[in-house]
Amino acid sequence: MKSTKDAIKIVKEQGVLVGVATGRGPFFVKDLMEELDLDFAVTYNGQYIFNKDRVLFTSPLSKSHLRQLIAYAKKEGKEIALGTKDAMLGSKIMSFGLGSFSQRVSRFVPSMLTRTVSHSFNRMVSKVVPQKEEDLLQLMNQPIYQVLMLMTPEESEKAAADFQDLKLTRSNPFAADVINQGNSKLEGIRRVGKEYGFDLNQVMAFGDSDNDLEMLAGVGMSVAMGNGSSSVKEVAKHITTSNQQDGIHKALEHFGVLASEKVFVSRDYHFNKVKTFHHMMDERTQEEPQAWDLEGATHRAGFKIEELVEFVRAASSSEEDFEQAVGQLHQALDQAAEKVVKKTPAKQDLVGK
């Protein structure tokens with residue numbers, strides 16, 4: 001989206017590091033890195049990390065684990081693909097499924113049909129172009145950073161019990177990503193932070209899939225895309241629109257990252273929500289601290305006094321009690337004025353939001 005490209009350009013001009021964290025391989029994001037001038041890429045769910053100049057971290061799967069996964073796929077009749085730094089190899093149907101056309105089509109498949117579609121693919125492919133175990137074993141001569149196995153979410157949960165030394169995550173409803181335990185998008189971002197000198201609290205991350213959950217839960221500011229899964233939206237601190245509806249650009253605007261003028265963003269999530277509410281009411285918020293004049297301070301104090309009167313009215317059991325309480329408030333105001341005059345100079349700088 002043009003709005004996303006524009007947003008990335010602006011924040012990079014401000015000195016912000018921008019990268020991508022994905023379940024795809026490095027071959028998939030290299031052109032994107034050049035096009036958007038990204039600073040780093042966490043690929044294969046944290047298994048392969050690189051920047052413009054060099055590879056920062058790799059974690060290939062062991063040969064023994066690969067043999068076990070290939071044997072499991074053969075036993076269960078599952079399509080399987082092995083991810084190298086240059087390609088996803090071993091399954092023609094899964095290579096097709098990683099294409100942009102297939103990714104767009106998969107969004108229109110109802111979740112209740114995921115199991116049916118997955119099983120149909122496996123049965124169809126196994127009959128038409130059956131995978132050969134010897135071909136998969138031959139691929140193991142080069143480093144394999146991630147295994148992609150065509151299976152439903154329920155089947156991947158079952159497989160996870162058989163491969164406790166490995167981690168199964170998902171970036172689409174039809175296949176499981178298999179990586180080493182201890183790695184993830186979040187851990188990959190943490191490793192990038194050590195390289196560049198930032199921590200996770202300084203990171204804003206966007207996500208839409210279940211393999212983004214750990215990342216969104218662990219960074220300082222997490223944003224769910226409008227087309228994201230329900231679990232992603234539950235974890236994220238903010239929900240924006242879909243990328244097709246300028247979601248990234250809108251979120252960066254919401255938090256003031258793209259604003260032409262300075263915008264105050266609190267670390268308190270609830271404060272930011274209240275601020276957004278006030279902006280909706282009159283489309284105005286005070287971003288810079290501003291000195292109060294006497295008229296403004298008196299006006300604000302009047303609101304506070306009204307709140308106090310409402311408070312004692314709610315606590316009064318009769319009109320007589322209320323009148324007596326108001327009289328006591330007048331006395332308290334006079335006493336407070338005398339006390340303040342004795343300890344505070346008449347003129348002082350007073351600023352607030």
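- A distance-only check finds a donor-acceptor pair linking the side chain of Lys250 to the backbone of Gln245 [under 3.5 Å].
- With a 4.5 Å cut-off between side-chain heavy atoms of Ile, Leu, Val, Met, Phe, Trp and Tyr, the cluster of Val309 takes in Ile305, Phe311, Val312, Phe322, Val326, Leu329.
- Closest heavy-atom contact between Thr240 and Ala251: OG1-N, 3.9 Å.
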Walk me through it: do Asp210 and Val232 pass the test side chain to side chain contact (heavy atoms under 4.5 Å, CB included)? CA-CA 6 Å; Asp210 286 355; Val232 165; 4.3 Å; yes
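- When the side chains of ILVMFWY residues are joined at heavy-atom separations under 4.5 Å, either directly or via intervening members, Leu36 and Phe28 end up in a single hydrophobic cluster.
- Note that CG of Leu89 and CG of Leu148 are 12.0 Å apart. Values are rounded to the nearest 0.5 Å.
- Atoms NE2 and CG, on His299 and Leu294 in that order, are 13.0 Å from each other to the nearest 0.5 Å.
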Decide side chain to side chain contact (heavy atoms under 4.5 Å, CB included) for Gln68 and Phe163; before the verdict, give the C-alpha distance in whole Å, the side-chain angles of both, and the deciding distance to 0.1 Å. CA-CA 9 Å; Gln68 292 172 24; Phe163 295 98; 3.8 Å; yes
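- For the pair Lys237 (side chain) and Gly220 (backbone), a donor-acceptor distance under 3.5 Å is present.
- Between Met33 and Asn51 the shortest heavy-atom distance is CE-C, 4.3 Å.
- Contact annotation: the side chain of Phe255 approaches that of His238 to within less than 4.5 Å [non-hydrogen atoms, C-beta and beyond].
- Nearest approach of Phe50 to Val55, heavy atoms of both residues: CB-CA, 3.8 Å.
- Here the side chain of Thr84 pairs a donor or acceptor atom with the backbone of Asp86 at under 3.5 angstrom.
- No option in Ile70, Ile144, Leu166 other than Leu166 meets the side chain to side chain contact (heavy atoms under 4.5 Å, CB included) test with His65.
- If you take CG on Leu66 and CG on Leu139, they are separated by 10.0 Å, rounding to the nearest 0.5 Å.
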Step by step, would you call Arg313 with Glu323 a salt bridge (Lys or Arg N to Asp or Glu O under 4.0 Å)? CA-CA 9 Å; Arg313 176 61 183 267; Glu323 291 179 4; over 6 Å; no
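- Among residue pairs with one or both ends in residues 37-49, those qualifying as side-chain hydrogen bond (donor to acceptor under 3.5 Å, both in side chains) are Lys12-Asp39, Asp37-Lys52, Asn45-Gln146, Asn45-Asp177, Asn45-Asn211, Gln47-Asn183; sequence neighbours excluded.
- In the hydrophobic clustering of ILVMFWY residues, with side-chain heavy atoms under 4.5 Å counting as a link, Val20 and Leu186 come out apart.
- The backbone N or O of Gln138 sits less than 3.5 Å from a side-chain atom of Asn141, completing a donor-acceptor pair.
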Derivation and outcome, side-chain hydrogen bond (donor to acceptor under 3.5 Å, both in side chains), residues Arg170 and Ser209: CA-CA 8 Å; Arg170 304 183 71 87; Ser209 301; over 6 Å; no
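- Put simply, CE on Met151 and CG on Leu168 are 6.5 Å apart, with the number rounded to the nearest 0.5 Å.
- The hydrophobic cluster containing Leu69 does not contain Ile179, counting ILVMFWY residues as joined when their side-chain heavy atoms lie under 4.5 angstrom apart, directly or transitively.
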Go through Lys78 and Glu155 one step at a time and tell me if the side chain to side chain contact (heavy atoms under 4.5 Å, CB included) criterion holds. CA-CA 10 Å; Lys78 302 297 183 187; Glu155 289 171 333; 2.9 Å; yes
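- Leu61 and Phe57 are members of different hydrophobic clusters when ILVMFWY side chains are connected at heavy-atom separations under 4.5 Å.
- For the pair Gln202 (side chain) and Asp199 (backbone), a donor-acceptor distance under 3.5 Å is present.
- You'll find the side chain of Leu150 reaches within 4.5 Å of the side chain of Phe174, heavy atoms only.
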Could you walk me through whether Ser231 and Leu213 pass side chain to side chain contact (heavy atoms under 4.5 Å, CB included), step by step? CA-CA 8 Å; Ser231 54; Leu213 291 174; 4.0 Å; yes
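- Contact between Ser222 and Ala236 at its shortest, heavy atoms only, is OG-CA, 3.4 Å.
- Residues Met225 and Ser242 have side chains not in contact (no heavy-atom distance under 4.5 Å, counting atoms from C-beta outward).
- With sequence neighbours excluded, no residue forms a side-chain hydrogen bond (donor to acceptor under 3.5 Å, both in side chains) with Lys75.
- Residues Leu56 and Ile189 share a single hydrophobic cluster, defined by chaining ILVMFWY side chains whose heavy atoms lie under 4.5 Å apart.
- The two residues Ala7 and His249 have their closest heavy-atom pair at CB-CD2, 3.8 Å.
- The main-chain N or O of Pro60 is found under 3.5 Å from a side-chain atom of Asn180 such that the two form a donor-acceptor pair.
- More than 12 heavy-atom neighbours from other residues, nucleotides or ligands sit within 6.0 angstrom of CD on Glu13.
- Panel note: side chain Glu79, backbone Met149; no donor-acceptor pair is recorded below 3.5 Å.
- Judged by distance alone, with hydrogens and angles left aside, the side-chain atoms of Asp212 form no donor-acceptor pair with the main-chain N or O of Met215 at under 3.5 Å.
- Counting non-hydrogen atoms of other residues, nucleotides and ligands closer than 6.0 Å to NZ of Lys167 gives a total above 12.
- The NZ atom of Lys5 sits 12.0 Å away from atom NZ of Lys9, with the distance rounded to the nearest 0.5 Å.
- How far OH of Tyr145 is from OG1 of Thr58: 5.0 Å, rounded to the nearest 0.5 Å.
- No donor-acceptor contact under 3.5 angstrom links the side chains of Thr241 and Asp246, judged on distance only.
- Shown here is Glu35, whose CD atom has more than 12 heavy atoms of other residues, nucleotides or ligands within 6.0 Å.
- The two residues Val29 and Ala41 make their nearest non-hydrogen contact at CG2-CB, 3.9 Å.
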Given salt bridge (Lys or Arg N to Asp or Glu O under 4.0 Å), test Glu187 with Arg190 step by step and report yes or no. CA-CA 5 Å; Glu187 188 59 32; Arg190 193 196 310 274; 3.1 Å; yes
